[in-house]
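This chain uses plain numbering: 1 for the first residue, then up along the sequence. The analysis underlying the following values was restricted to heavy atoms, covering all of them including side chains, and did not include hydrogens, waters or symmetry mates.
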Amino acid sequence: METIKRILLALVIIGAINWGLIGLFQFDLVATLFGGQDAALSRVVYTLVGISGIFCLGMLFAPMGKDARDNSVRTGNLNYSTEFGEETNHFSEDKEKRE
């Protein structure tokens, strides 16, 4: 699945670079490489870039960070228990030492 995501991301980057070239220099790299905007191969590339963009929307809303692959639900509740241990009262020990 990671390989497919990387391919999709690469196609989206290609599309972004192409749109950047169109915006800045009025130069369509895909059309130049594959025979014009109406050429079949250019249309295939444009279609693949568009489909990749749609699939990358899912990655936009996916969790990020080290625990991104962990699908468990995080509630934010912490457990402060001491697992059957007794808590010592250091204040009372200090008081006994002073007396």
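For Leu21, the side chain to side chain contact (heavy atoms under 4.5 Å, CB included) partners at least two apart in sequence or on another chain are Ile17, Phe25, Phe27, Leu29. Here Ile22 pairs with Asn18, Trp19, Asp28 under the side chain to side chain contact (heavy atoms under 4.5 Å, CB included) rule; sequence neighbours left out. Remark: Phe55 pairs with Leu8, Ile51 by the side chain to side chain contact (heavy atoms under 4.5 Å, CB included) rule, at least two apart or across chains.
Under the 4.5 Å side-chain heavy-atom criterion for Ile, Leu, Val, Met, Phe, Trp and Tyr, Met59 and Ile14 are members of distinct hydrophobic clusters. Cluster annotation: Ile4 is not connected to Val49 through the hydrophobic network of ILVMFWY side chains, with a link wherever side-chain heavy atoms come within less than 4.5 Å.
Of the inter-residue distances, the one linking Leu11 atom CG with Arg6 atom CZ reads 14.0 Å to the nearest 0.5 angstrom.
Residue pairs meeting the side-chain hydrogen bond (donor to acceptor under 3.5 Å, both in side chains) criterion with at least one member in residues 54-64: none, sequence neighbours excluded. Applying the side-chain hydrogen bond (donor to acceptor under 3.5 Å, both in side chains) test to pairs two or more places apart or on separate chains, none has a residue in residues 50-63.
Between Tyr46 and Gln37 there is a side-chain heavy-atom pair separated by less than 4.5 Å.
Of all heavy-atom pairs spanning Gly35 and Ser42, the tightest one is N-OG, 4.3 Å.
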